[in-house]
There are 2 protein chains.
Amino acid sequence: MLTKDFLRDRHRSELTKDDIAALESSISEVKDYGARETLIRAGERVRQSTLLLEGLMCRYMDDRQGERQLVAVHVAGDFVDLHGFPLRRLDHDVATLTEVRLAFVPHGKLLEIVAERPNLTRILWFSTLIDAAMHREWIFRLGRLNAYGRIAHFFCEIDAKLQAVNRSDGHHFPLPINQNDLGEACGMTGVHVNRILRQLREEGVMTFRGGEVAILDRKRLERIAEFDPHYLYLDENDPDRN
Amino acid sequence: MLTKDFLRDRHRSELTKDDIAALESSISEVKDYGARETLIRAGERVRQSTLLLEGLMCRYMDDRQGERQLVAVHVAGDFVDLHGFPLRRLDHDVATLTEVRLAFVPHGKLLEIVAERPNLTRILWFSTLIDAAMHREWIFRLGRLNAYGRIAHFFCEIDAKLQAVNRSDGHHFPLPINQNDLGEACGMTGVHVNRILRQLREEGVMTFRGGEVAILDRKRLERIAEFDPHYLYLDENDPDRN
DNA sequence: GAATCGCCTTAACGCGGATCAATTCCGCTT
DNA sequence: AAGCGGAATTGATCCGCGTTAAGGCGATTC
C-alpha cells in the first residue's frame, strides 16, 4: 500500500476504500532519488505530482545573492507538490534533503479524480490546505519569534509530523540534515543556529547532533516555541469532527 | 455581478458562463461591515465562506504577548476564507481592515459544486493555492529580506493585486491602513516602519501618507523588494498557458 | 476653543543576531 | 597513520532593529 502514510492521522478515515484504491491505482511510477537533488525548478510546467514515501524533502526559494529560504519541509506521506496540479507551474523549487522513495501521479489521473470522485477531491484539496496552514505558522514564526523560539518551533513541528506517520516516538528520531539547513528553514545563519543549539543543549531542553534529535523536556520546548499543533489538523486536535 | 472581481486577471477565462452563474447563485447573502471587526476566530467551526466585494481584510495570528502577525491581506475579489470549506475550522483569525462589503457562500452550496462541477471545483481549488503561494512569498520576505526590502515588497505586492482588480493605476492608490498595520504584516515595529518609510520617501522611491500610496520609481522599488510577480499567477505572467 | 485621541515622527540607547575568521572535530580516503 | 573535506564550534566585532520616551499634528467632541 503505497499511500498508507498519506493523511495518516489527518482525517484519513474520511477516505473510502474506493477512494484509496482510486488514488493507489493512479500512481504511474515509483522511483528512488539521492540526497540533495533538485527535482523541480520554479516556473517549469509540471505534469505529475509527487507523493513522498520515505525520506525528507523541502521546497525553497533563493534570493538574489543565492541565499536560500526553505518554505516547507516534507516527511513520508506528504503529497509534496499536489498543488502543482491546479497551479500547473510552481513558484519555487522542490528538492530532496535525504535519499527518498517517491511515487508519481500524472495530472491526467487527477483530472479524472476531480471529475468522478468529489469526496476524494475535497480531501486532496484539504491536504494542500494543510500545507498552507503550515506556511502561515512559518510566517508567524519568522515574524514574531526570536532565534531561540524559531529553532524550538521547527523541532516541535517536525516531531509532530513525524509522530503522525510513526517516524518519531516523541523523544528521539533521526533527522539527517545539517545546521545550515536549519538556518535556511528558520531565517538565520548557520553560525547562530549553532549557538542556539548549544543553549538548548546546556539548558537540558533538547539535543541535535549527528542527525539525531533527542527531546529532553517537551514542555519547555513547546513553551519556548509557543507551539500549538492545531494548525497541523491532526486527528486528536479536532474536538468535534463530523 | 457580485463575482466579477473573483480571479479577475487570474485565469478567470477558464470559468464557463455556467460556472460563473453557479457560483453567483450560491451566494446566500451580501452584507456590509465596519473597519477593524474580527469576523472569525481561530478554531471556530465555519459553515460559510466569504467573498470580499469591496474594501480590505486581513488574516492574522497573535503571539503569547498579544503581538499580532498578519499572514495575509485581501482585496476586492478575494475569496478570503474559501480554505475554511475543506478545513472546516481555521487556524487563524479573520478581520476587516477597512469598511467592507461581503458576499457569503454556504458550505452546503460548495459541496454541491464539488459534486457537480469539476471545472469550477478545480478553479476554486486553484484560487486557494494562490493564497498559499503568497504565504510562501511572505516566508521568503520575512526570512531573507531586511526591513527596507520587506516594506518595499509589501507595497509591490499590494499594488500588483490592486491593479489586477483595477483599484490601482500603478502609480497611486488609496490604502487606508496605518504604519502599525504595516509593521504587523512585515514582522517589525511601527517605529521602524516609520524610519523605513522616511528613507523610501527621501530617496524618491515611494510615499505613503494619510492612507495614500504613491509609487515614484517602480524599478527601484521592485529591485529593493526583489519582487517578481510570478507567484501571483496573474495572466500576463503565464508564458504558455493551457 | 479646550480637551482628547489616534497616528505620525524623531531621538537615545541597548541587544540580538550577522559577519568574519579561526580552530576543532569527525568520517572517509589512501 | 596521515591527509582531506565538510561540518560543528567558538570568539570578536559591528549594525539593524527593538525599546522607550517625548513631542507634534489633524480630526473629533463637548
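Both backbone and side-chain heavy atoms feed into the values below; hydrogens, waters and symmetry mates do not. Only a predicted model underlies this, so the values are computations on that prediction, with no experimental measurement involved.
Here the closest heavy-atom approach between residue B:Ser127 and residue B:Leu82 is recorded as OG-CD2, 3.5 Å.
Separating the CD atom of B:Gln199 from the P atom of D:dC15 is a distance of 15 Å, rounded to the nearest angstrom. As rounded to whole Å, 12 Å separates atom C1' of C:dA18 from atom CG of B:Asn146. Rounded to an integer number of Å, the gap from NE2 of A:His192 to P of C:dG16 is 9 Å. Following rounding to the nearest Å, B:Arg150 (CZ) and D:dC17 (P) show an atom-to-atom distance of 6 Å. Here C:dT19 presents its C1' atom at 14 Å from CE of A:Met188, a figure rounded to the nearest Å. Look at CD1 on B:Ile196: it is 16 Å from P on D:dC15, rounded to the nearest Å.
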Verdict with reasoning, B:Tyr60 to B:Thr38, per side-chain contact (heavy atoms from CB on, under 4.5 Å): CA-CA 10 Å; B:Tyr60 65 86; B:Thr38 295; 3.0 Å; yes
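Of the options B:Asp131, B:Asp93, B:Asp81, B:Asp78, a salt bridge (charged side-chain N to carboxylate O under 4.0 Å, His left out) to B:Arg59 is made by B:Asp131 and by none of the others.
Side chain to side chain, A:Arg150 and A:His153 fail the donor-acceptor criterion of an N or O pair below 3.5 Å. There is no side-chain donor-acceptor pair under 3.5 Å between A:His171 and A:Asp169.
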What N/O pairs connect the protein and nucleotides 7-10 of chain C at under 3.5 Å? Give each pair on its own line.
residue : atom : partner  : partner atom : Å
C:dC8   : OP1  : B:Gln179 : N            : 3.4
C:dC8   : OP2  : B:Gln179 : N            : 3.1
C:dT9   : OP1  : B:Arg209 : NH2          : 2.7
C:dT9   : OP2  : B:Gln179 : NE2          : 2.7
C:dT9   : OP2  : B:Asn194 : ND2          : 3.0
C:dT9   : O5'  : B:Asn194 : ND2          : 3.4
C:dT10  : OP2  : B:Arg198 : NE           : 3.1

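Evaluation of the salt bridge (charged side-chain N to carboxylate O under 4.0 Å, His left out) rule for B:Asp63 yields no partner, not counting sequence neighbours.
Under 4.0 angstrom from either OP1 or OP2 of C:dA18 there lies at least one side-chain N or O belonging to A:Thr189.
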